[in-house]
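Every number for a ligand or one of its atoms is a count from 1 in the order of the listing. Because the structure is predicted, anything quoted here is derived from the model rather than measured.
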Amino acid sequence: MLSHSRSGDRVTLHSPTAMPQACGLLWNRRMLLHVNCRGFVTAQHMQPEPGKYAHAPFLEARTFMQPEQPLYAQHPGRFLFLRDEATGQAWSLPHEPMRRPVDSFRFEVGQAAIGWVLGVGELEVSLTVSLPVDATAELWTASLRNAGAAARRVSIYPCFSVGYMSWMNQSAAWDEGLLGLVARSVSPYQRLEDYPRIAQLKDWTALLADQRPDSWEARLEAFEGEGGWADPSALARPRLGRGEAHYETPIAALQYALELGAGEARQWRFVFAPARDAGELQQLRARLLAPGAFEREAQASRVYLEGGRGCLRQRSPDAELDAFANHWLPRQVWYHGDTNRLTTNPQTRNYLQDALGMVYVEPARAKQVFRAALSQQHEDGGMPDGVLLSPEAEQQYINQVPHMDHCVWLPVCVAPYLDETGDWAFLREVVTGRDGQGATVFERVCAAMRWLLRHRDARGLSLIAQGDWCDPMNMVGPAGRGVSGWLTIAAAHALRLWVEVARELGEAGVVDELGRGADELAASAQAHLWDGDWFARGISDAGRRFGVAADEEGRIFLNPQSWALLAGIADADQRERIVRAVDAQLDSPWGVMLLAPAFTRMHEHIGRVTQKFPGSAENGSIYNHAAAFWIHALYRAGEGERAWTQLRRMLPGPGADDLIRRGQLPVFIPNYYRGAVHQFPRTAGRSSQMFNTGTASWIYRILVEDLFGLRGSPRGLRVDPALPRSWSEARVERRFRGASFSVTYRRGSGPLAVTLDGVALDEPLVRDVEAGRRYALDVKLPA
Ligand code: CEZ
C-alpha cells in the first residue's frame with residue numbers, strides 16, 4: 001500500500017481508495033498547495049491576506065485553515081480526463097470525479113513535487129505538480145506514453161476547477177494571445193473604501209498551456225451536461241464545445257486529440273495561476289513556460305528546501321523514523337519558520353515556537369523572530385496576542401481575544417537558542433520597542449517575566465482572562481478572577497529558565513528576584529492546584545476548580561502535568577502519581593490525549609473548548625503539540641522509555657492498519673489525531689490532516705536534544721542520550737555551532753562513556769567547539 005524511496009525522501013501510496021484523505025503539501029513564500037491523492041487540491045495564496053483562485057462551485061465559507069476539511073464530489077481539483085477514441089471509454093485521472101479504477105496507481109509525494117503515475121491498459125500517464133520558488137503559480141506536467149504494440153487514438157483533457165468566483169462578476173473564455181483559458185472576476189465588496197484594496201487583488205484564474213489545444217470549454221455546466229460531474233457529457237462528443245462562461249461558473253478544460261504510435265510518448269506543460277490582469281499572465285507565461293523554465297524552477301526549489309535540512313541526520317534501527325526525521329520533519333519546521341504559516345499576524349506563541357524549530361535549522365532566522373516579537377512588546381512588559389509582520393497587518397481571528405500566556409514563550413524559546421548557538425551577546429542587543437524606548441533583549445525578557453508575576457491573583461495563581469495556550473478556554477476568567485493552573489506552572493518554568501540565563505550573565509539581582517517569583521508560583525501551585533494525583537487545570541471566575549478527580553468530564557488535563565515535570569515543581573512522589581494518572585486516563589495507541597473524558601456538553605465555567613466535538617482538537621484529541629510537551633517532559637524527567645513509546649506513536653505507520661486508521665501519509669505530523677478513544681472508538685486515531693502545528697519544532701528539538709542527547713550548553717556540547725532499549729546502536733551527523741559531529745552510539749556494559757576522536761572524556765561534554773572542525777564521538781550507552 002505504501003512504499004518509501006531508498007533515501008526516504010519520497011513516499012508512494014499505491015491506492016486511491018485505501019486512505020482517501022491522504023495528501024501531500026507543497027508551498028512557497030506566497031502560497032500553499034494541499035494535494036489529495038484522488039486529485040482534489042486546496043490552494044491558498046497571499047495577497048497579502050490569504051486568498052483563493054480555485055473555488056467551490058457555490059458561495060463558500062471563508063475561514064482560516066481548518067482541520068479535517070471535508071472533500072466533496074465537486075471539491076476543487078486538478079483532473080486529467082482520458083478518452084479512448086476507438087471505444088469511447090473515458091477515465092478521470094488520478095481518480096476523481098469519475099472514480100473509474102485504473103490498472104495501476106501511484107501517488108508520489110516528494111519534497112518539491114507531488115505526482116501520479118497511472119496505468120490505463122497499455123497507456124502510461126503521469127501528472128506532476130510543483131511550485132516556483134517566488135511566484136504564485138502551479139507548474140503542471142502531463143505525459144502520456146503508449147507502451148502497447150499498436151497505435152492508439154486518444155484525447156486528453158486537463159480539467160482544472162475554477163468554481164464560483166464572485167456574485168458580482170465572473171466569466172471565462174479562451175484567450176488565443178495568452179494560449180490559455182482565462183477566468184475573470186471581481187471580488188465582491190460593498191464599501192467604497194474597500195475599492196483600492198479590491199483593485200489590487202489577483203481576481204483572474206488562468207490555465208496557460210505550452211501547446212495549443214484542439215479544443216476547450218470554459219463553462220462548467222456545458223462540460224458536465226446531463227451526465228453530471230461524475231460522467232461529464234462533454235467527453236461523449238468528439239470535441240469540446242469551445243464555450244464561454246458569461247456570469248456562469250467557469251471551468252478550465254482543454255482537449256488534446258492525438259494519435260500515439262507504439263512506444264510513442266508526448267508531454268505537455270501547464271501553468272495554473274491567479275493574476276491581476278492580462279499583463280501579469282503574459283509575464284507568467286514568458287517566465288514559466290519558456291524552454292527549460294520548469295527545470296530551472298525545480299532546481300531553485302531544491303536549493304530552497306536545502307535551506308531547511310536541519311542540523312541532524314540519523315541512522316537508527318527504525319528506518320521509517322529515519323526517513324521522517326531526515327527529510328520530512330525538518331521540512332515541516334522550515335515551512336513554519338520560513339512562511340510564518342502564511343499569515344500576516346501569527347499568534348505570538350506560535351511565532352516564537354516556530355522560531356524554536358528554526359534554532360536547529362537556521363538560527364539566524366530564530367534570532368530575527370525574537371527581535372521582531374520583542375520590538376512589539378507592550379510598555380508594561382506584556383506581549384501582544386499576535387505579532388504584526390507588516391505595517392498594514394491587523395490582528396485577526398483569535399488575536400482579538402486576550403490570552404495571558406504569550407510572555408511564557410520567550411524564555412522557553414530563547415533559552416534553547418542560547419544553548420544551541422552560544423550567542424550570549426544577543427542578550428545585550430538593544431531592541432527598540434513600540435514606545436521608541438530601547439532596552440536589551442535580556443531586560444525585555446525580564447520585563448515579560450515581571451509581567452507574569454504581576455498578573456496573578458491573591459493566591460499567587462496566574463490570571464487567565466480569555467485564554468492561555470488553550471485558545472478556546474475563554475470562559476474561565478473573563479471577569480478577571482479566574483486562573484490557569486497550567487499557566488501558573490508554565491510561568492514557574494519560564495522564570496526558572498530565565499534564572500539560569502541570568503545566572504550565566506552574572507545578574508545576581510535578577511537571579512534572586514525571579515528565583516523567588518518562581519518559588520512562589522510553585523508554592524501556589526502546590527497549595528491550590530494539587531488534587532491528590534495530578535494538578536488541576538484552573539479555577540474559574542466563580543471559584544470552581546476544574547480538571548480534578550471530582551469532575552465527570554475533563555477530569556484530567558495533560559498540560560499542567562507535563563509542565564509540572566518540566567518546571568521541577570512535582571516532587572518524586574507526585575511525579576510517580578502524575579505518570580500513573582496520565583498512563584491510566586490519557587494514553588491511547590496513537591498518543592496521549594489532551595484531556596479526558598472529553599466534554600460532551602457546554603461547561604460555562606470553562607468555555608468554548610467544551611463545545612468542540614468530543615475527541616476533536618482541544619476537546620480531548622491526541623493534540624500533538626501537547627503530546628510533544630509531555631514527551632519532552634518525560635525525557636527531562638528521566639522517563640526515556642515511556643517518552644520513546646509516545647514519540648513513536650506520533651508517526652503514522654509503519655503497519656497498514658495504523659496507516660488506514662490515521663488516514664495520513666508519514667510526511668508530516670498533523671495537529672491532532674482524534675481522541676476520546678473510549679467515547680468514540682470508531683474515529684479514534686484519525687488524522688486532522690492539518691500541517692500547521694507547533695509540534696514540528698518540539699519534536700525536532702526532542703530528537704536532537706533528548707533522544708540523541710546532543711544538547712548545547714554554555715560550555716559546549718553535552719552528550720546525554722536516551723535511546724530506546726530496543727536499539728543496540730545508532731549513528732548521527734549533527735551540525736553544531738559551525739562544526740560537524742559524527743556520533744556513533746553503541747550499547748555497552750558500564751555507565752555512559754564518551755570518547756572524542758578516540759580519547760575518553762572525563763565528563764560527557766565537548767568543550768570549546770571550533771567552527772569548521774569535524775569531531776568524531778563514540779558513545780557507549782549504559783546496558
Ligand atoms: O489553534 C491553535 C493555536 O494556533 O490552538 C492551540 C494554540 O496553542 C495555538 O496557538 C491550542 O489552543 O478554536 C480555536 O481557536 C483553536 O484554538 C484553533 O484555532 C487551533 C487550531 O487547532 C489550529 O491549529
Side-chain angles (χ1 to χ4, degrees), residues 25 32 34 44 50 62-69 332 335-337 339-357 369 373 383-387 395-410 412-413 464-476 484 486-487 490 537-538 547 554 557-560 562-563 593-595 598-599 602 606-630 668-675 686-698:
L25 286 115
L32 178 74
H34 192 275
Q44 211 176 61
R62 299 255 171 136
T63 125
F64 47 96
M65 297 279 293
Q66 292 301 334
E68 303 197 45
Q69 289 197 33
Q332 193 176 3
Y335 156 78
H336 285 80
T339 69
N340 300 304
R341 311 184 184 197
L342 294 170
T343 149
T344 58
N345 61 119
Q347 282 179 271
T348 302
R349 90 173 67 80
N350 295 3
Y351 188 56
L352 293 171
Q353 288 175 91
D354 292 348
L356 171 65
V369 164
M383 292 298 284
D385 283 288
V387 176
Q395 304 286 14
Q396 291 172 330
Y397 298 115
I398 196 74
N399 293 347
Q400 299 171 357
V401 180
H403 286 177
M404 299 296 274
D405 64 311
H406 294 292
C407 291
V408 158
W409 305 99
L410 286 167
V412 168
C413 301
I464 185 172
Q466 292 181 44
D468 57 19
W469 172 91
C470 184
D471 281 357
M473 195 172 276
N474 61 342
M475 286 164 77
V476 176
S484 162
W486 167 76
L487 182 55
R537 180 60 175 89
F557 282 68
L558 181 61
N559 282 342
S562 315
W563 290 69
M593 297 180 277
L594 180 62
L595 62 88
F599 297 101
M602 173 59 153
I606 302 175
R608 191 164 64 88
V609 52
T610 67
Q611 293 179 293
K612 292 201 177 185
F613 190 81
S616 76
E618 292 92 339
N619 188 8
S621 77
I622 293 138
Y623 205 92
N624 284 319
H625 191 198
F629 298 151
W630 177 241
F668 62 94
I669 301 178
N671 79 324
Y672 69 77
Y673 297 111
R674 289 274 198 102
R686 181 186 290 173
S687 164
S688 69
Q689 304 288 348
M690 206 157 114
F691 192 56
N692 282 355
T693 170
T695 316
S697 288
W698 282 91

Student: If the cut-off is 4.0 Å to any non-hydrogen atom of Met690, which atoms of ligand 1 fall inside it?
Tutor: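 Numbered from 1, ligand 1 contributes 23 (C), 24 (O).
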Student: Ser484 and Arg537: side-chain donor and acceptor closer than 3.5 Å?
Tutor: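 There is such a pair (donor and acceptor under 3.5 Å, judged by atom type) between the side chains of Ser484 and Arg537.
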Student: Is it the case that the side chains of Gln347 and Tyr397 hold a donor-acceptor pair, with the cut-off being a distance below 3.5 Å and no angle test?
Tutor: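 No donor-acceptor contact under 3.5 Å links the two side chains.
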Student: Starting from atom 12 (O) of ligand 1, locate the nearest protein heavy atom and write down its residue, its atom name and how far away it is, to 0.1 Å.
Tutor: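 For this ligand atom, the closest protein heavy atom is Glu618 OE2, 2.5 Å.
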Student: Ignoring hydrogens and geometry, is there a side-chain-to-backbone donor-acceptor pair from Ser562 to Leu558 under 3.5 Å?
Tutor: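 Yes.
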Student: Of the options Gln395, His406, Gln466, His403, which is the one that meets Asp385 in a side chain to side chain donor-acceptor pair (under 3.5 Å)?
Tutor: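 It is His406; the other options fail the test.
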Student: So that I know where these two stand, are Phe557 and Trp486 an aromatic pair - ring centroids less than 6.0 Å apart?
Tutor: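 They do not qualify: ring centres at least 6.0 Å apart.
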Student: Looking only at the side chains, is there a donor atom on one of Trp409 and Gln353 sitting less than 3.5 Å from an acceptor on the other?
Tutor: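 On atom types as modelled, these side chains do not qualify, holding no pair under 3.5 Å.
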Student: Salt-bridged, Arg349 to Asp468, with N to O below 4.0 Å?
Tutor: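 No, Arg349 and Asp468 are not salt-bridged.
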Student: Report, in ascending order of atom number, the atoms of ligand 1 lying under 4.0 Å from any heavy atom of Cys470.
Tutor: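 So the answer, numbered in order with elements, is 12 (O).
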Student: Work out whether the distance between some heavy atom of Asn350 and some atom of ligand 1 is less than 4.0 Å.
Tutor: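 Yes, Asn350 has heavy atoms under 4.0 Å from ligand 1.
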Student: Pick whichever of Tyr623, Trp469, Phe691, Trp409 has a heavy atom sitting closest to atom 21 (C) of ligand 1.
Tutor: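 Checking each option, the heavy atom nearest atom 21 (C) of ligand 1 is found in Tyr623.
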Student: Run the numbers for me: atoms of ligand 1, each under 4.0 Å from some heavy atom of Arg608, listed by number.
Tutor: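 Listed by number with element: 13 (O), 14 (C), 15 (O).
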Student: Which protein non-hydrogen atom lies closest to atom 1 (O) of ligand 1, naming both residue and atom, and how far is it?
Tutor: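 Answer for atom 1 (O) of ligand 1: Asp471 OD2, 3.4 Å.
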Student: Yes or no: does Pro472 have any heavy atom under 4.0 Å from an atom of ligand 1?
Tutor: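 Contact present.
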Student: Check each of Thr695, Thr693, Asn671 against atom 24 (O) of ligand 1 and report the one with the nearest heavy atom.
Tutor: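 Going through Thr695, Thr693, Asn671 one by one, Asn671 has the nearest heavy atom to atom 24 (O) of ligand 1.
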Student: Taking the minimum heavy-atom distance to atom 14 (C) of ligand 1, which of Gln347, Gln66, Lys612, His625 ranks first?
Tutor: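 Nearest heavy atom to atom 14 (C) of ligand 1 lies in Lys612.
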Student: Does a salt bridge link Glu618 with Arg608, judged by any charged N lying under 4.0 Å from a carboxylate O?
Tutor: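 Answer for the salt bridge query: no.
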Student: Numbering the atoms of ligand 1 from 1, which are under 4.0 Å from a heavy atom of Arg349?
Tutor: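 Answer for ligand 1: 7 (C), 8 (O), 9 (C), 10 (O).
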